[in-house]
Number of protein chains: 2
Amino acid sequence: MEEENRKKRILVPEPALRRMPSYLAYIKLARKDGMKYVSSTHIARDMGVDPTQVTKDLSYTSIVGKTRVGYEVEPLIDELENFLGFRIMDEAYLFGAGSLGMALLHDHGLKQFGLKVVAAFDVNPEIVGKNFGGVPVYHVDDFLQFKEKGIQIGILTVPVEKAQEVAHWMVKGGIRAIWNFTPVRIKVEEDVIVQNTSLYAPLAVMFNRLHSKE
Amino acid sequence: MEEENRKKRILVPEPALRRMPSYLAYIKLARKDGMKYVSSTHIARDMGVDPTQVTKDLSYTSIVGKTRVGYEVEPLIDELENFLGFRIMDEAYLFGAGSLGMALLHDHGLKQFGLKVVAAFDVNPEIVGKNFGGVPVYHVDDFLQFKEKGIQIGILTVPVEKAQEVAHWMVKGGIRAIWNFTPVRIKVEEDVIVQNTSLYAPLAVMFNRLHSKE
DNA sequence: TTTCAATAAGGAATTAATTCTTTAATGGCG
DNA sequence: CGCCATTAAAGAATTAATTCCTTATTGAAA
């Protein structure tokens with residue numbers, strides 16, 4: 001019990017979690033090349049990062065490496081995918097089927113990472129009632145009727161001026177985790193998980209680095 | 001000269017840069033509501049962040065606030081957009097017109113943030129030679145002929161197993177900044193700017209937070 | 001069998017980022 | 001006119017993240 005509580009409170013650092021999918025991608029490439037073991041040293045050298053960072057990041061999972069050998073590739077992939085939640089398929093609703101939302105609807109990459117969009121909601125009469133990439137689009141006003149389905153994850157891709165309002169209704173309708181693609185920092189109940197992913201934030205960093213070189 | 005060098009070396013922290021677009025979004029909404037001034041206190045309260053963090057982040061720009069009043073909305077938007085590089089339109093090439101690449105090709109949001117995709121490169125004979133969203137798709141093998149155009153920014157949306165190789169050719173062809181959407185940490189010359197934006201990394205964080213609540 | 005080099009892993013030290021504290025300024029109100 | 005509340009901004013303290021250091025292990029080579 002004590003132990004559990006501690007685990008709950010001491011979360012895996014977000015930077016570490018964000019790096020793990022890139023390790024996974026690397027290790028899968030190694031598997032393709034027929035490698036049976038990978039060491040943090042090699043991962044780090046090839047990826048241009050610090051080797052102890054790789055070790056530390058992997059130590060948050062239940063993986064144990066072998067001294068002088070490294071990590072066994074197959075179990076490492078299994079454990080990483082399980083740990084990151086890519087193996088269990090979570091279902092999600094998408095809110096706002098504009099250009100970005102539509103792109104996510106058609107992107108089959110999501111399924112490989114454990115997320116399946118089962119329905120979309122929008123207000124545009126031209127798309128409501130239709131199917132896109134096998135996903136039906138309903139009117140936002142009908143969303144609350146879907147509450148019993150028990151879907152926990154919502155993808156927010158509405159225009160900025162609607163973000164806060166829609167987020168509010170998402171939570172009302174039972175959503176417990178919001179993948180927020182708008183640049184708006186939405187305010188929701190404390191126990192709702194919000195993951196902000198502004199597509200354009202990395203652009204700001206890139207421009208700054210590029211321009212500060214002259 | 002001394003001064004300039006110091007500015008070059010002491011970079012604006014990446015977390016700060018990544019937050020700025022969200023401030024910009026907030027302030028633009030405030031302008032829509034007819035506000036003439038915004039204070040860090042209000043921004044922070046509405047966005048659920050720390051007020052001194054807002055002040056500190058904004059202090060990296062050349063903006064100065066007024067005591068007891070806050071920041072003037074119009075100049076703040078101007079300065080932020082300039083500072084973040086959203087006002088000057090940079091041109092870019094896109095490498096890999098799969099589902100994600102295609103989505104970026106059709107996304108008109110990019111232009112609002114100062115990035116214009118002027119050509120795409122792929123190997124798929126079904127799309128090479130065609131136009132998508134007004135952007136012509138060429139064969140990757142022809143890319144080196146475009147070197148004289150002087151385009152500095154490349155968007156990398158190829159499959160993981162091609163990422164490193166394509167990145168290498170991008171640099172050969174004059175690309176100085178790579179917006180990398182693959183989970184692969186590509187290795188390039190030190191002076192090439194790489195901005196990693198794996199669409200699925202935030203998913204790992206979201207799943208972890210969601211699952212560690214039970 | 002012995003030595004050597006490569007490794008994981010834990011903890012210490014360092015560095016980066018965030019939050020807290022203090023100061024000075026100033027518009028609005030009594 | 002004088003006080004009060006609100007604010008920006010600079011610097012200090014704290015916290016989080018990364019990198020460095022040490023130890024123990026072990027496969028491979030001598």
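- For Ile63(A) and dG10(C), the CD1 to P distance is 13 Å, given to the nearest whole Å.
- Between Lys56(A) and Arg68(A), it is Lys56(A) whose nearest contact on DNA chain D lies nearer the 5' terminus.
- Between Arg176(A) and Glu189(A) there is no salt bridge, since none of the side-chain N atoms of the basic residue sits less than 4.0 Å from a carboxylate O of the acidic one.
- OP1 or OP2 of dA9(C) has not a single side-chain nitrogen or oxygen of Tyr60(A) nearer than 4.0 Å.
- In summary, the side chains of Tyr93(A) and Lys149(A) do not present any donor paired with an acceptor at a separation below 3.5 Å, with no hydrogens or angles considered.
- The side chain of Thr52(B) contributes no N or O atom lying less than 4.0 Å from OP1 or OP2 of dT19(C).
- Here Ser39(A) reaches the OP1 or OP2 of dT7(C): one of its side-chain N or O atoms lies under 4.0 Å away.
- Salt bridge annotation for Arg19(A)-Glu14(A): absent, with no cationic side-chain nitrogen under 4.0 angstrom from a carboxylate oxygen.
- The phosphate of dT6(D) has neither OP1 nor OP2 within less than 4.0 Å of any side-chain N or O from His42(B).
- Protein atom CD of Gln53(A) is 13 Å distant from nucleotide atom C1' of dA16(D), rounded to whole Å.
- Rounded to a whole Å, the CE atom of Met47(A) is 13 Å from the P atom of dT18(D).
- Heavy-atom distances under 4.0 Å link DNA chain C to no residue of residues 14-33 of chain A.
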Return all side-chain donor-acceptor pairs below 3.5 angstrom for residues 107-118 of chain B, not counting sequence neighbours, or 'none' if the list is empty.
| unit_1 | atom_1 | unit_2 | atom_2 | d |
| --- | --- | --- | --- | --- |
| Asp107(B) | OD1 | Ser99(A) | OG | 3.0 |
| Asp107(B) | OD1 | Gly109(B) | N | 3.1 |
| Asp107(B) | OD2 | Tyr200(A) | OH | 2.7 |

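- A salt bridge is defined here as a Lys NZ or Arg NE, NH1 or NH2 lying under 4.0 Å from an Asp or Glu carboxylate O, and Glu74(A) with Arg31(A) meets this definition.
- Computed from coordinates, the Leu58(B) CG to dA9(D) P distance equals 8 Å when rounded to whole Å.
- Computed from coordinates, the Lys36(B) NZ to dG27(C) P distance equals 18 Å when rounded to whole Å.
- For dA24(C), neither phosphate oxygen OP1 nor OP2 lies less than 4.0 angstrom from any side-chain nitrogen or oxygen of Thr67(B).
- The ring pair (Phe, Tyr, Trp, His ring centres under 6.0 Å) contacts involving residues 165-188 of chain A comprise Trp179(A)-Phe181(A), where partners must be two or more places apart or lie in separate chains.
- Look at Thr41(A) and you'll find a side-chain N or O under 4.0 angstrom from OP1 or OP2 of dT7(C).
- Between the CD atom of Glu72(B) and the P atom of dA8(D) there is a distance of 13 Å, rounded to whole Å.
- Here Lys66(A) lies in heavy-atom contact (under 4.0 Å) with sugar-phosphate atoms only.
- Put simply, OH on Tyr37(B) is 15 Å from C1' on dG28(C), counting in whole angstrom units.
- Here dA8(D) presents its C1' atom at 14 Å from CG of Asp50(B), a figure rounded to the nearest Å.
- Between Asp78(B) and Arg87(B), at least one side-chain nitrogen of the basic residue sits less than 4.0 Å from a carboxylate oxygen of the acidic one, meeting the salt-bridge criterion.
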